[in-house]
*Asks:* 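Pasting a structure below so you can have a look.
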Amino acid sequence: MNASIDCKSCHNEQCLIKKNCLTEEAIPYLEQKLMVKAKKNQPFILEGAPVHGLYFIYKGKVKVAKTGINGKEQIVRLCQDGEIIGHRGFGVGQFYHISAVAIEDIMLCNFSNEVINNMLQKVPQLSYNMMLFYAEELNRSENKVRKIAQMTVREKVIDAILYMNRKFGQTNNLLNIQLSRKEIADFAGTTDEQVIRVISSLKKEGILIAQGKRLGIVKLDKLKNEIKEHNFFLDS
DNA sequence: GCATTAATTGGTC
DNA sequence: GACCAATTAATGC
């Protein structure tokens, strides 16, 4: 549980901690980092649970979701190595208003509320970069609202698949992330049946290939072309 | 191999 | 375009 890996030797160069906290004053806090494992499909942040600090993904993929009224999930974002999770919980917030679930077996770094607060006070670069991160997240979130409201189902599914490709890439013509149709639906803001229908017609059109859960993009340009009028700005 | 879960298809509102 | 039901494929144990 706590065979902590030194941040100095961490492979995640883009991690906010790695980038900003290898300074003298931050070292004592880094030593208080906890490392935890989570198995596939295991939630490590529960919506409504008391905030227990800030997480960074050491290795693996995670979905961050918000639960709606009739049990409908909205996947807010997908994360991988080096990314931060649980940032909206700490500070003023007492409870998480998102949940985070491991998509595969993962390893996490956790900083307690106290440690992270102290670090933010001591390391201005960290605070500054966190602020940039928040601003970007807000932008994304605003874009996402617009997309869900204005795109057709087909466009939303395509947008979700393109996001998966942008973020995780493809090897051997297959996406490096496996989501169920349901998860794609929860991300795109529609239902799994609709996702299946869009995927199967994209298959017939020769734009996509699918072997069970695994999806592969064959004609990326065609896919991009379908939603080009929505992409005034990049990410979702 | 069997049993549970996910993917798919068709139909209704 | 969501929800429901039935069938089939995939996957876990």
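Reminder, nothing fancy here: chain letters follow the sequence lines and each chain counts from 1. Owing to the predicted nature of the structure, the values given are computational and were not obtained by experimental measurement.
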*Asks:* Please report the distance, rounded to the nearest Å, between CG in A:N41 and C1' in C:dG12.
*Replies:* 12 Å
*Asks:* Pick the closest DNA chain C nucleotide for A:Q211 and for A:G189 by heavy atoms, then say which residue is nearer the 5' end.
*Replies:*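 Residue closer to the 5' terminus by nearest nucleotide: A:G189.
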*Asks:* Counting only side-chain heavy atoms from C-beta out, which of B:dT8, C:dA2, C:dT11 sits nearest to A:R181?
*Replies:*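 The nucleotide sitting nearest to the side chain is B:dT8.
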*Asks:* Would you say the side-chain atoms of A:N225 and A:K222 include a donor-acceptor pair closer than 3.5 Å?
*Replies:*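 Side chains of A:N225 and A:K222: no pair found under 3.5 Å.
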*Asks:* Could you tell me the separation between the CG atom of A:L179 and the P atom of B:dT5, rounded to a whole number of Å?
*Replies:*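 Rounding to the nearest Å, CG of A:L179 and P of B:dT5 are 20 Å apart.
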*Asks:* What is the distance, to the nearest angstrom, from the CZ atom on A:R214 to the P atom on B:dA6?
*Replies:* 15 Å
*Asks:* Considering just the side-chain nitrogens and oxygens of A:T190, establish if one lies under 4.0 Å of OP1 or OP2 belonging to C:dA2.
*Replies:*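 Checking C:dA2 against A:T190, a side-chain N or O does come within under 4.0 Å of OP1 or OP2.
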*Asks:* Do A:K144 and A:F187 meet the cation-pi criteria used here (NZ or CZ under 6.0 Å from the six-membered ring centre, within 45° of the axis)?
*Replies:* yes
*Asks:* May I have the step-by-step check of ring-ring contact (aromatic ring centres under 6.0 Å, His included) for A:Y55 and A:F44, ending in yes or no?
*Replies:* CA-CA 10 Å; A:Y55 287 92; A:F44 56 92; 5.3 Å; yes
*Asks:* Roughly, in whole Å, what's the span from CD1 in A:I148 to P in C:dA2?
*Replies:* 11 Å
*Asks:* Taking everything shown except A:K40 itself, do over 12 heavy atoms lie less than 6.0 Å from its NZ?
*Replies:*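 Counting other residues, nucleotides and ligands, NZ of A:K40 stays at 12 neighbours or fewer.
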*Asks:* Using whole Å, report how far NZ of A:K72 lies from P of C:dC4.
*Replies:* 8 Å
*Asks:* Between atom CG in A:L202 and atom C1' in B:dT8, what is the gap in whole Å?
*Replies:* 15 Å
*Asks:* Would you kindly give the NZ-to-P distance between A:K213 and C:dA9, to the nearest whole Å?
*Replies:* 19 Å
*Asks:* Please enumerate all residues that pass salt bridge (Lys or Arg N to Asp or Glu O under 4.0 Å) together with A:E83, with sequence neighbours excluded.
*Replies:*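 With neighbours one apart ignored, the set is A:R77, A:K167.
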*Asks:* Shared ILVMFWY cluster between A:I17 and A:L22, side chains joined below 4.5 angstrom?
*Replies:*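 Yes.
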*Asks:* If you restrict it to nitrogen or oxygen atoms, what contacts under 3.5 Å exist between nucleotides 9-13 of chain B and the protein, and what is each distance?
*Replies:*
residue	atom	partner	partner atom	Å
B:dG10	N7	A:R197	NH2	2.3
B:dG10	O6	A:R197	NH2	3.4

*Asks:* Round to the nearest Å and state the distance from A:D192 atom CG to C:dT8 atom C1'.
*Replies:*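 It is 16 Å, rounded to the nearest whole Å.
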*Asks:* After noting the C-alpha distance and the side-chain angles of A:E47 and A:T67, does the key distance pass the side chain to side chain donor-acceptor pair (under 3.5 Å) rule?
*Replies:* CA-CA 8 Å; A:E47 206 168 338; A:T67 317; 2.8 Å; yes
